[in-house]
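Note that this is a predicted model, so its numbers are computed, not measured. In what follows, every chain begins at residue 1, and chains take the letters A, B, ... in the order their sequences are listed.
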Protein chains: 2
Amino acid sequence: MKIIQNISAELLKADIKPSWQRIKIYEFLLNNNIHPTVDTVYKKLAKEIPTLSKTTVYNTLKLFEEHHLIKNVNIEENEIRYDAQNHIHGHFKCTQCGKIFDFKYNYKDLKYKGLDDFILNQTDVMIKGICKSCKEKNKSN
Amino acid sequence: MKIIQNISAELLKADIKPSWQRIKIYEFLLNNNIHPTVDTVYKKLAKEIPTLSKTTVYNTLKLFEEHHLIKNVNIEENEIRYDAQNHIHGHFKCTQCGKIFDFKYNYKDLKYKGLDDFILNQTDVMIKGICKSCKEKNKSN
DNA sequence: TTTCATAAATGTAATGATTACAAAATTAAA
DNA sequence: TTTAATTTTGTAATCATTACATTTATGAAA
Ligand SMILES: [Mn+2]
Ligand SMILES: [Mn+2]
Ligand SMILES: [Zn+2]
Ligand SMILES: [Zn+2]
């Protein structure tokens with residue numbers, strides 16, 4: 001749980017003016033590693049900030065992304081999710097419960113064929129399957 | 001370039017009745033490894049099949065996917081692309097020209113941490129960057 | 001403090017891809 | 001041929017995202 005001073009400072013470091021809405025949105029992402037959609041962020045924060053507009057959430061998340069403060073996670077068609085974690089990691093989506101899990105992988109060992117003389121800027125590893133919890137639920141039926 | 005007899009047979013093998021539209025759509029995917037969107041498939045085939053409906057393209061591609069005949073490639077938000085290649089490979093999207101390239105990688109060497117007791121059904125590796133051709137174009141400016 | 005300019009947030013309308021659905025056309029069986 | 005089932009088609013509905021004009025907040029100058 002980061003305090004607001006720190007959040008403000010991190011926004012400034014990314015060249016983003018720390019408005020109240022921006023602070024609360026970034027704080028939400030940092031404290032809830034659930035890779036939320038715009039709608040999820042909006043619904044949660046609208047309780048705290050009744051005047052919040054969904055457009056602000058769209059604009060803010062896009063702004064964060066452009067300033068490389070967060071990344072979008074594109075594991076499922078028809079929904080963009082956001083992630084404030086900045087270490088290298090992959091994403092697993094459980095096709096049963098819909099949850100998204102982080103995982104680590106040995107990215108340094110990855111070798112590519114067919115990309116000679118290409119510039120690689122961003123690598124994403126996505127896996128779909130059934131999470132442990134859903135797997136065990138299924139067993140007990 | 002596969003002949004229609006073969007395409008028909010492959011559809012049947014996947015438990016899909018080979019209608020004329022389905023044959024032409026699958027043929028298009030096999031002959032054009034460009035990871036097209038629904039709209040691209042539609043526009044190309046509409047010239048040959050003037051009565052073709054975009055809904056048919058949507059339905060057919062979804063049907064193919066459900067029968068594991070093709071995969072969707074989800075490298076860019078706001079557009080679903082399709083791929084009839086069934087060997088394991090990753091996708092590179094050039095953020096300059098928009099083209100999508102296949103590449104091979106050493107998937108057998110990949111190790112994961114955090115997915116113990118998870119069931120892994122499908123792994124996708126996506127990379128964004130600048131392709132060789134665009135890189136060279138940029139140099140000459 | 002007031003004035004003014006700039007930036008940010010808001011609300012509504014427009015867009016665009018996808019899906020739902022009912023009607024028409026095709027195919028296969030009887 | 002008649003009938004039923006499947007497929008295709010066209011249009012309308014949906015839903016996430018974006019565009020845009022208006023309002024609000026912020027901050028510096030006077
Ligand atoms: Mn993550
Ligand atoms: Mn491919
Ligand atoms: Zn699950
Ligand atoms: Zn390129």
Side-chain angles (χ1 to χ4, degrees), chain A residues 4 7-8 11-12 14-29 35-67 69-82 93 98 100, chain B residues 4 7-8 11-12 14-28 35-67 69-82 98 100:
Chain A
I4 287 174
I7 293 176
S8 239
L11 290 176
L12 283 169
D15 254 322
I16 295 167
K17 286 195 188 170
S19 74
W20 184 242
Q21 286 87 340
R22 290 172 177 172
I23 289 172
K24 297 309 281 180
I25 290 172
Y26 189 42
E27 182 188 42
F28 179 82
L29 289 176
H35 310 87
T37 61
V38 164
D39 199 59
T40 304
V41 175
Y42 171 70
K43 281 188 178 139
K44 291 282 181 181
L45 288 182
K47 290 171 190 165
E48 263 185 89
I49 313 170
T51 62
L52 184 67
S53 160
K54 194 179 266 193
T55 302
T56 298
V57 181
Y58 272 104
N59 291 340
T60 301
L61 291 172
K62 176 165 287 188
L63 180 76
F64 287 177
E65 198 190 349
E66 286 165 352
H67 286 242
L69 190 65
I70 66 175
K71 289 206 179 74
N72 79 50
V73 178
N74 213 19
I75 199 167
E76 194 64 40
E77 57 268 34
N78 80 25
E79 57 173 21
I80 305 179
R81 290 163 165 270
Y82 288 94
K93 171 148 186 170
I100 293 186
Chain B
I4 288 173
I7 293 175
S8 239
L11 290 176
L12 284 168
D15 255 322
I16 296 167
K17 288 195 188 168
S19 74
W20 184 240
Q21 287 87 340
R22 289 170 178 174
I23 289 171
K24 298 307 282 180
I25 290 172
Y26 189 43
E27 181 188 43
F28 179 82
H35 311 87
T37 61
V38 164
D39 198 61
T40 303
V41 175
Y42 171 71
K43 281 188 177 139
K44 291 281 180 181
L45 289 181
K47 290 170 190 166
E48 265 186 87
I49 313 169
T51 62
L52 183 66
S53 161
K54 193 177 266 193
T55 301
T56 298
V57 181
Y58 271 104
N59 290 340
T60 301
L61 290 172
K62 177 166 287 188
L63 181 75
F64 287 178
E65 198 190 348
E66 286 166 354
H67 287 241
L69 190 64
I70 66 175
K71 288 206 180 77
N72 80 49
V73 178
N74 212 19
I75 199 167
E76 194 65 40
E77 56 268 34
N78 79 27
E79 56 174 22
I80 305 178
R81 289 163 166 271
Y82 288 94
I100 292 185

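- For B:Tyr82 and C:dT18, the OH to P distance is 7 Å, given to the nearest whole Å.
- Put simply, the side chain of B:Thr56 does not reach to within 4.5 Å of the side chain of B:Tyr42, judged on heavy atoms.
- Put simply, CD on B:Glu79 is 14 Å from P on D:dT17, counting in whole angstrom units.
- Nearest to the side chain of B:Ser19, among C:dA8, C:dT18, D:dT8, sits D:dT8.
- The stretch residues 35-59 of chain A touches DNA chain C through A:Thr51, A:Leu52, A:Ser53, A:Thr55, A:Thr56, A:Asn59, each having a heavy atom under 4.0 angstrom from the strand.
- Considering only residues two or more places apart in sequence or on other chains, A:Arg81 meets the side-chain hydrogen bond (donor to acceptor under 3.5 Å, both in side chains) condition with A:Glu79.
- The closest side-chain heavy-atom distance from B:Val41 to B:Tyr82 is not below 4.5 Å.
- Counting heavy atoms from C-beta outward, A:Lys24 and A:Phe28 have side chains that stay 4.5 Å or more apart.
- Going from atom CH2 of B:Trp20 over to atom P of D:dT9 covers 13 Å, rounded to whole Å.
- Take B:Ser19 and apply the side chain to side chain contact (heavy atoms under 4.5 Å, CB included) test, not counting sequence neighbours, and it matches B:Gln21, B:Arg22.
- Taking 4.5 Å as the limit, some side-chain heavy atom of A:Leu11 sits within range of a side-chain heavy atom of A:Leu69.
- In this structure, B:Ile16 atom CD1 and D:dT6 atom P are separated by 15 Å, rounded to whole Å.
- To the nearest angstrom, P of D:dA16 lies 16 Å from NZ of A:Lys62.
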What pairs of nitrogen or oxygen atoms, one from the protein and one from nucleotides 22-30 of chain C, lie under 3.5 Å apart?
none

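- Distance B:Arg22 CZ to D:dT8 C1': 9 Å, rounded to the nearest Å.
- Across the protein-nucleic acid pair, A:Ile80 atom CD1 and D:dA16 atom P stand 12 Å apart, rounded to whole Å.
- Taking A:Lys54 as the reference, A:Asp39 meet the side-chain hydrogen bond (donor to acceptor under 3.5 Å, both in side chains) condition, with sequence neighbours excluded.
- For the side chain to side chain contact (heavy atoms under 4.5 Å, CB included) with B:Asn59, the lone residue among B:Thr55, B:Leu61, B:Leu63, B:Val57 that qualifies is B:Thr55.
- Atom CD1 of B:Ile16 is separated from atom OG1 of B:Thr60 by 9.0 Å, given to the nearest 0.5 angstrom.
- One atom, CG of A:Asp15, and another, P of C:dA8, lie 11 Å apart when rounded to the nearest Å.
- Separation of atoms CG (A:Asn74) and CD1 (A:Ile80) is listed at 6.5 Å; rounding is to 0.5 Å.
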Sort me out a list of protein N/O and nucleotides 24-27 of chain D N/O pairs below 3.5 Å, or just none if empty.
none

Quiz item: Does the pair A:Glu65 and A:Lys62 meet the rule for a salt bridge (Lys or Arg N to Asp or Glu O under 4.0 Å), with working shown?
Solution: CA-CA 5 Å; A:Glu65 198 190 349; A:Lys62 176 165 287 188; over 6 Å; no
